[in-house]
Amino acid sequence: MMINPQIAKTIEQLDYRVTVGDVATQSGLNINEAQAGLLTLASDVGAHLQVSQSGDIAYLFPRNYRNILRKKYLSLRLQDLWQKIWAVIFYLIRISFGIFLVISILLIFVTIIIIVIAQSSSDNNDRRSSRSINGGFFPNIWIMPNLSGWFSPRSRPYQSVRSAQGMNFFEAVFSVLFGDGHPNPNLESKRWQKIGKVIRKYKGSVIAEQILPYLDESTPITNEDFMIPVLSRFNGYPEVSEQGEIIYRFPELQTTALNREPVVVSNTLREQPWEFSQASSGQKMLTLGLGILNLGGALVLSILLRDGTIALQLGGLVAFVNSILWVLLAYGIGFLAIPLVRYLWIQRRNQRLEARNDRRERFAAALRSPDLELRQKLKTAREYQSEDVIIGSDNLAYTTEQDLLTQELDRLGDS
């Protein structure tokens, strides 16, 4: 049995006593998913049902319900174990690209030095060969950065969500190559959470213009078909006022298990732009500099080994590097090409992202300064608003915490 993590998180956030409307509003799930998930979870952990006199239902979960599930289902324990193992595996994958870059550079330049020494020795001029190697050909090639700190996070002036936690050199290499993941994870979930909160803020009755700042609709808006998924998710329905405006009503989101504080929600959904890399500027320069050095060394080595006779004569490391030279060349080209292509892709994607943000902001601005027609629609929608239906402990008709006979006797005694 797999529990929905959004439902589990919502239950904990709302102090283990929730209604279907609470879960749908807080998590952004549609009403049917919230109801099905709550019923399944309540059945598995032995949660209690509380039914108000009006017939509305709240679910009361034990605070240790996660422990109950873990003891009951081995698969949950295995899932937790796999998540820990995968975190280690993914970290090794992240640092492997930086490690291979360092190994590639070392292989290339050690091989170049071996070939140069061999060619110089063949001229029986040891002194010139010594000067060529030690003072002329590669004067500073082995003045490398201190590797001791490359695995260790370090502080830096350029802070971000990832770099604020520290990013070592090998993580930075992966970041420059492939980025740091989606800047807007769970965007759809956040979208529906905000829409649910907006509906609850306006007491279950809204107009389409109040939902637009959270959608991806383009202008101009010719119809209100975009409200159909909202109605489906939160089990709402449209209603036409006497003035002819369409009001969207969501009565199930008005049922709650607690007396909530006033709903606070941002006036628009804003996507964060894609970032090329969260590595520091120094790490980016070092990574790209080593990439250029790696590709340049691979090209020089391909020239030295172009006829293949040197590799046959020297054998050993030179022969091995000659056999994988195409891999080193491909890695060197890809190491520089991937960030370039990704940079261009990010620029284009951010343009579209900012266009969506701008449209949502315009919709939100129209609500802040409504024209005469929009003011009339907002006024009409307020007439359809209703107060929350709160399922409290004082208005319960039935709860599974006690048997039915005891509850009937208590009710008769109170009357």
Side-chain angles (χ1 to χ4, degrees), residues 6 10 18-36 38 54-57 187-257 260 262-270 356 359-390:
Q6 292 173 292
T10 299
V18 296
T19 65
V20 174
D22 290 336
V23 173
T25 300
Q26 188 77 9
S27 67
L29 294 171
N30 66 46
I31 289 290
N32 292 330
E33 284 180 310
Q35 185 167 7
L38 275 176
S54 62
D56 296 304
I57 298 174
L187 179 64
E188 285 304 304
S189 176
K190 293 178 182 178
R191 184 198 310 277
W192 291 113
Q193 287 176 19
K194 290 180 180 292
I195 291 175
K197 289 181 179 180
V198 166
I199 294 171
R200 175 160 281 182
K201 177 181 179 180
Y202 294 107
K203 299 181 179 180
S205 297
V206 296
I207 58 175
E209 286 82 355
Q210 291 173 306
I211 305 300
L212 277 173
Y214 308 94
L215 302 178
D216 295 336
E217 297 301 312
S218 58
T219 53
I221 303 297
T222 57
N223 56 57
E224 297 185 1
D225 289 346
F226 57 84
M227 287 298 298
I228 294 177
V230 182
L231 294 171
S232 174
R233 177 171 287 266
F234 295 118
N235 205 20
Y237 60 89
E239 192 168 326
V240 180
S241 68
E242 295 180 356
Q243 294 80 14
E245 293 104 346
I246 301 178
I247 310 299
Y248 299 94
R249 307 192 66 185
F250 302 85
E252 292 193 36
L253 293 190
Q254 293 308 103
T255 303
T256 179
R260 307 287 180 209
V263 176
V264 178
V265 59
S266 57
N267 57 11
T268 184
L269 175 68
R270 186 162 189 84
R356 292 194 298 271
R359 286 197 300 269
R360 296 192 198 103
E361 182 55 40
R362 288 197 297 271
F363 291 136
L367 286 172
R368 291 194 295 268
S369 303
D371 56 24
L372 182 61
E373 180 181 356
L374 184 54
R375 280 201 300 269
Q376 180 59 44
K377 291 185 70 175
L378 291 169
K379 180 181 178 181
T380 303
R382 285 194 291 270
E383 296 174 359
Y384 284 81
Q385 292 177 0
S386 59
E387 297 298 326
D388 288 347
V389 177
I390 301 174

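Note that the structure is a prediction, hence the values are computed from the model and not measured.
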**Q** Could you give the distance from CZ (Phe234) to CG (Asn32), rounded to the nearest 0.5 Å?
**A** 12.0 Å

**Q** Would you mind reporting whether Gln254 and Arg200 have side-chain heavy atoms less than 4.5 Å apart?
**A** yes

**Q** Can you tell me which residue pairs pass the salt bridge (Lys or Arg N to Asp or Glu O under 4.0 Å) test with a partner in residues 233-249, sequence neighbours excluded?
**A** Glu239-Arg249

**Q** Counting heavy atoms not belonging to Glu188, are there more than 12 under 6.0 Å from its CD?
**A** yes

**Q** Determine, step by step, whether Phe250 and Val206 satisfy the side-chain contact (heavy atoms from CB on, under 4.5 Å) criterion, reporting the C-alpha distance in whole Å, the side-chain angles of both residues, the deciding distance to 0.1 Å, and the verdict.
**A** CA-CA 9 Å; Phe250 302 85; Val206 296; 3.9 Å; yes

**Q** Which residues pass the side chain to side chain contact (heavy atoms under 4.5 Å, CB included) test with Ser232, sequence neighbours left out?
**A** none

**Q** What pair of heavy atoms forms the shortest contact from Ser189 to Ser27, and how long is it?
**A** OG-O, 3.5 Å

**Q** Distance check, rounded to the nearest 0.5 Å: Gln243 atom CD versus Glu383 atom CD?
**A** 6.5 Å

**Q** Quick one: does Arg362's side chain get under 4.5 Å of Thr268's, heavy atoms only?
**A** no

**Q** Kindly give the heavy-atom pair with the smallest separation between Thr380 and Ser241, and that separation in Å.
**A** CG2-CB, 3.5 Å

**Q** For residues Asp371 and Leu374, determine if any side-chain heavy atom of one lies less than 4.5 Å from a side-chain heavy atom of the other.
**A** yes

**Q** Provide the closest heavy-atom pair for Ala24 versus Ala34 in the form atom of the first, atom of the second, distance.
**A** N-CB, 4.2 Å

**Q** For Ala381, what residues pass the side chain to side chain contact (heavy atoms under 4.5 Å, CB included) criterion, not counting sequence neighbours?
**A** Ile207, Ile247

**Q** Do Leu187 and Leu269 touch side chain to side chain, with heavy atoms closer than 4.5 Å?
**A** yes

**Q** Using side-chain contact (heavy atoms from CB on, under 4.5 Å), reason through Leu253 and Asn235 one step at a time and then give a plain yes or no.
**A** CA-CA 9 Å; Leu253 293 190; Asn235 205 20; over 6 Å; no

**Q** Tell me the salt bridge (Lys or Arg N to Asp or Glu O under 4.0 Å) pairs involving residues 217-228, sequence neighbours left out?
**A** Glu224-Lys377

**Q** I need the minimum non-hydrogen distance between Tyr384 and Ser205, along with the two atoms involved.
**A** O-OG, 2.9 Å

**Q** Going by side chain to side chain contact (heavy atoms under 4.5 Å, CB included), name the residues that satisfy it together with Lys190, two or more places apart in sequence or in a different chain.
**A** none

**Q** Which atom names give the shortest non-hydrogen contact between Val20 and Ile31, and what distance separates them?
**A** CG1-O, 3.9 Å

**Q** Could you tell me if Thr10 and Gln6 have a donor-acceptor pair between their side chains, going purely by distance under 3.5 Å?
**A** no

**Q** With side chains defined as the heavy atoms from C-beta onward, is the minimum distance between Thr25 and Ile199 less than 4.5 Å?
**A** no

**Q** What distance separates Leu378 CG from Leu367 CG, expressed to the nearest 0.5 Å?
**A** 6.5 Å

**Q** Can you tell me how far apart NZ (Lys379) and CZ (Arg375) are? Round to the nearest 0.5 Å.
**A** 11.0 Å

**Q** According to side chain to side chain contact (heavy atoms under 4.5 Å, CB included), who are the partners of Asp216, at least two apart in sequence or on a separate chain?
**A** Arg191, Glu271, Arg356, Arg360

**Q** Atom CG of Leu231 and atom OH of Tyr237: how far apart are they, to the nearest 0.5 Å?
**A** 11.0 Å

**Q** How long is the gap from CD1 on Ile228 to OH on Tyr248, to the nearest 0.5 Å?
**A** 8.0 Å

